[in-house]
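One is the number of the first residue; the rest follow in order along the sequence.
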Amino acid sequence: MNKLSTSNCIHSLVSIVTNNYFKIWKYCLIYLVVLGAVYSLNILLMLIIPGELIATLTMIFIACLLMLAPGMIIAFSHTMLSIARSEPASLKRSLQVGYSQEMWWQAIIFVLLYTAGIMGGMLLLIIPGIYLSISWYSAVYYLCDKSGGPIDCLRKSRQAVKEAGFFRVFAYIVLMTLIVLALYMPFYFIPGFEYFGIIISLLLSPVSVMTPIALYLSISRPEQIDSE
């Protein structure tokens with residue numbers, strides 16, 4: 001595989017975002033509404049249920065959230081990946097993918113491995129955690145494409161990053177992060193312009209959402225993917 005071209009990857013990112021900006025925002029809002037409805041239900045139940053049961057209810061809610069969140073991550077990632085590929089995006093279809101019997105448990109295992117790996121790496125002098133966070137930056141999209149089990153997807157992501165050039169991938173991620181931050185962060189330090197910074201950061205959300213996807217589409221090989 002050829003080494004990653006940072007400029008080409010950024011060009012691909014800009015193209016994806018400019019061609020699908022409002023569609024990306026549409027589905028981001030849909031998923032926010034879904035998550036908001038879940039949290040609102042929890043708050044409503046806490047208001048109407050006696051105080052002595054609130055702690056139990058909170059524990060149940062947290063347990064349910066931990067079980068449901070991985071499937072939602074896959075569903076959201078599947079939707080954004082479909083948009084980036086100019087494929088029909090469907091909330092129903094993505095939720096079916098995220099919560100299918102096979103994918104749901106794989107998603108839970110994936111999130112546990114991903115989180116434990118990076119957190120464990122951060123505790124080991126930080127550098128191993130940074131290495132894994134870069135190497136696994138696009139791993140979830142291999143899982144969305146059903147390219148294997150959780151461990152296989154983490155391995156394929158690491159291998160793809162290695163072949164594309166770890167420091168090239170690192171430079172792309174850092175560069176895009178700095179560009180986005182530079183466009184809105186200064187307003188937080190100007191009295192009276194804080195809300196302007198918030199608005200700009202929200203307007204740039206599609207760029208942040210599509211940054212790992214543009215990388216995935218640039219570094220993944222067809223033989224690594226076994227999508228439907």
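- The side-chain heavy atoms of V97 and C144, taken from C-beta on, include no pair separated by under 4.5 Å.
- Under the 3.5 Å distance criterion, the side-chain polar atoms of Y114 are left unmatched by any main-chain donor or acceptor of S133.
- Counting heavy atoms of neighbouring residues, nucleotides and ligands inside a 6.0 Å radius, atom CZ of F193 does not exceed 12 of them.
- Side-chain contact annotation: S15 with N19, donor-acceptor N/O pair under 3.5 Å present.
- Side-chain atoms of S201 come within 3.5 Å of backbone N or O of I198 as a donor-acceptor pair.
- Other residues, nucleotides and ligands place more than 12 heavy atoms under 6.0 Å from the CD1 atom of I190.
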Q: Please step through side chain to side chain contact (heavy atoms under 4.5 Å, CB included) for the pair V17 and V209, ending with a clear verdict.
A: CA-CA 9 Å; V17 173; V209 168; over 6 Å; no

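- Under the 4.5 Å side-chain heavy-atom criterion for ILVMFWY residues, no single connected hydrophobic cluster contains both I127 and I134.
- For the pair K156 and D145, the salt-bridge criterion is not met [side-chain N within less than 4.0 Å of a carboxylate O].
- Centroid-to-centroid, the aromatic rings of Y142 and Y216 come within less than 6.0 Å.
- Atom CD of E87 sits in a crowded spot, with more than 12 heavy atoms from other residues, nucleotides or ligands closer than 6.0 Å.
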(Q) Determine whether T79 and Y31 satisfy the following criterion, side chain to side chain donor-acceptor pair (under 3.5 Å), listing intermediate values before the conclusion. (A) CA-CA 10 Å; T79 300; Y31 279 96; 2.8 Å; yes

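- Considering only heavy atoms from C-beta on, I30 comes within 4.5 Å of Y27 through its side chain.
- You'll find the side chain of L81 stays beyond 4.5 Å of the side chain of H78, heavy atoms only.
- No side-chain donor-acceptor contact under 3.5 Å links S94 to the backbone of L91.
- A search for salt bridge (Lys or Arg N to Asp or Glu O under 4.0 Å) contacts involving R155 returns D152, not counting sequence neighbours.
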